2 protein chains.
Amino acid sequence: MTEISKTEFEVLEAIWQGHPASAQQIIERLNDTKPWHEKTVKTLLNRMVKKDAISFEKVQRSYFYSPLFARDEYTFKESKSLLERMFSGRLSPLVSHFVKSDELTKDDINELKDLINQWEKDNG
Amino acid sequence: MTEISKTEFEVLEAIWQGHPASAQQIIERLNDTKPWHEKTVKTLLNRMVKKDAISFEKVQRSYFYSPLFARDEYTFKESKSLLERMFSGRLSPLVSHFVKSDELTKDDINELKDLINQWEKDNG
DNA sequence: TAGTTAAGACTACAATTGTAATCATTATTT
DNA sequence: AAATAATGATTACAATTGTAGTCTTAACTA
């Protein structure tokens, strides 16, 4: 898959919200959270087209963009990369950090338990 | 904390293995895994000194480097940053990826269960 | 129809990054 | 003492990134 910068990822998020999306729509979505300069967004869109992260269809004067990979696919790849680089590819050292840091709520813990139950049902 | 590139992080890893460490020692450690050019490593060391990621003490001609923050501190910060950026700061969507992807072993699952038990003992 | 907009293309430009080579200086070896 | 080697400092240089500005062209407006 393509290498995406953090800023490019933010723009991609706006596209994943719904596509094909025009530059205008994308800019509006982005501005819901924080101010983005139109030119900046256009540049980022351009770059992502060039690096095959998104595609576009031309409708009259304007383009409608779509992602070339799913959000899940990308976030999973990035997560694995981080685990690889800092935890020898293992999940529990990362989880351990959070568990021990007082950052988790009872709900978070319950979600984790559900996931584990799911795994145990599916596997051994 | 300081912004560290992925490559700089690899060099830092070698320092975390034991410090203060001379450039030579660091280069040797790095070469255990893959070939690194001496000049490249020296450049990275220099940059990290400048960005206050590591310090050094001069002993004769050479420097002995030490990290200015702990490995745990850094990996946790990076993990949180990734969760923040791609999972609204929540842990379970990330764990969910792994649980569902057939990437976990029974041992991994047991480790997670232990962590959860630990949390439950400490909290609620 | 002439002027103004709006789209995207192209250009800009400094900071960071990866990857070294060269320079200056101090040890060390003949 | 002179030559050589080893250290870190400085310089190099292209690619990527963040952040826009300018240019070209098509479309809308007065």
Side-chain angles (χ1 to χ4, degrees), chain A residues 1-15 19-31 33-66 74 77-78 81-82 85-86, chain B residues 1-15 19-31 33-68 74 77-78 81-82 85-86:
Chain A
M1 207 186 318
T2 323
E3 286 301 311
I4 296 294
S5 80
K6 289 177 184 174
T7 312
E8 285 166 346
F9 177 79
E10 295 184 65
V11 175
L12 246 177
E13 288 273 40
I15 303 178
H19 48 87
S22 70
Q24 261 324 302
Q25 293 176 309
I26 294 167
I27 291 165
E28 279 165 29
R29 291 174 191 172
L30 286 169
N31 275 304
T33 4
K34 81 179 188 203
W36 287 76
H37 195 293
E38 171 234 347
K39 297 302 189 186
T40 302
V41 178
K42 296 262 182 91
T43 298
L44 267 344
L45 288 171
N46 232 284
R47 285 183 187 165
M48 285 198 285
V49 166
K50 284 198 183 124
K51 52 171 76 170
D52 286 316
I54 62 180
S55 65
F56 68 88
E57 344 153 28
K58 197 168 185 169
V59 178
Q60 315 285 26
R61 305 262 291 106
S62 44
Y63 292 178
F64 285 77
Y65 301 89
S66 297
Y74 183 76
K77 193 206 64 165
E78 282 301 295
S81 161
L82 182 134
R85 284 179 291 112
M86 22 199 87
Chain B
M1 207 185 318
T2 322
E3 285 301 309
I4 297 295
S5 80
K6 289 177 185 175
T7 312
E8 286 166 346
F9 177 80
E10 294 185 65
V11 175
L12 246 178
E13 287 273 39
I15 302 178
H19 48 86
S22 69
Q24 261 323 305
Q25 293 176 310
I26 295 167
I27 291 165
E28 279 167 28
R29 290 173 191 172
L30 287 169
N31 276 304
T33 2
K34 83 179 186 202
W36 286 76
H37 194 294
E38 172 234 348
K39 298 300 188 186
T40 301
V41 177
K42 296 263 181 92
T43 298
L44 269 342
L45 288 171
N46 234 284
R47 285 183 187 168
M48 285 198 285
V49 166
K50 284 197 182 124
K51 53 170 76 169
D52 287 315
I54 62 180
S55 65
F56 68 87
E57 346 154 24
K58 198 167 182 170
V59 177
Q60 314 285 23
R61 304 260 293 105
S62 43
Y63 291 177
F64 284 77
Y65 301 88
S66 297
L68 284 178
Y74 184 75
K77 192 207 65 165
E78 283 301 296
S81 162
L82 183 135
R85 284 179 290 114
M86 19 199 88

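Because the structure is a prediction, the values reported are computed rather than measured.
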Just verifying a value: how many Å separate B/Met86 CE and A/Leu82 CG, rounded to the nearest 0.5 Å? 9.5 Å

When rounded to the nearest 0.5 angstrom, what distance separates OG in A/Ser22 from CD in A/Glu28? 7.0 Å

On DNA chain D, compare the nucleotides closest to A/His37 and A/Glu3; which residue's is nearer the 5' end? A/Glu3

Considering heavy-atom distances to DNA chain D, does B/Ser62 or A/Thr7 have its closest nucleotide positioned more toward the 5' end? B/Ser62

Closest non-hydrogen atom pair between [X] and [Y], with its separation:
X	Y	result
B/Ala14	B/Arg29	O-NH1, 2.7 Å
B/Phe64	B/Pro20	CB-CB, 3.6 Å
B/Ile26	B/Tyr65	CD1-CD1, 3.9 Å

Can you tell me the distance, in whole Å, between the [atom1] atom of [X] and the [atom2] atom of [N]?
X	N	atom1	atom2	value
B/Tyr65	D/dT7	OH	P	11 Å
B/Leu44	D/dA9	CG	C1'	15 Å
B/Tyr63	D/dT7	OH	C1'	8 Å

Holding to side chain to side chain donor-acceptor pair (under 3.5 Å), I want the full list of residues that pass it with A/Glu10, two or more places apart in sequence or in another chain. A/Lys34

Not counting sequence neighbours, which residues clear side chain to side chain donor-acceptor pair (under 3.5 Å) with A/Arg85? List them please. A/Ser81

Going by number, which of residues 45-56 of chain A have a non-hydrogen atom under 4.0 Å from DNA chain D? A/Arg47, A/Lys51

I'd like to compare against my own output: the B/S/- annotation of nucleotides 23-30 of chain D with a strict under-4.0 Å heavy-atom distance to protein. --BBS---

What's A/Glu38 touching, base or sugar-phosphate or nothing? Going by heavy atoms closer than 4.0 Å. nothing

Outermost DNA chain C nucleotides near chain B [under 4.0 Å, heavy atoms]: C/dT17 to C/dA27

Which atom pairs, one a donor and one an acceptor, fall under 3.5 Å between side chains of residues 42-60 of chain A and the rest of the protein, sequence neighbours left out?
unit_1: A/Lys42; atom_1: NZ; unit_2: A/Glu38; atom_2: OE2; d: 2.9
unit_1: A/Thr43; atom_1: OG1; unit_2: A/Lys39; atom_2: O; d: 2.9
unit_1: A/Lys51; atom_1: NZ; unit_2: A/Glu3; atom_2: O; d: 3.2
unit_1: A/Lys51; atom_1: NZ; unit_2: A/Glu8; atom_2: OE1; d: 2.9
unit_1: A/Lys51; atom_1: NZ; unit_2: A/Glu8; atom_2: OE2; d: 3.2

Criterion side chain to side chain contact (heavy atoms under 4.5 Å, CB included) on B/Val11 and B/Trp36, from CA distance to verdict: CA-CA 10 Å; B/Val11 175; B/Trp36 286 76; 4.0 Å; yes

N or O in side chain of A/Thr40 less than 4.0 angstrom from D/dA20 OP1/OP2: yes

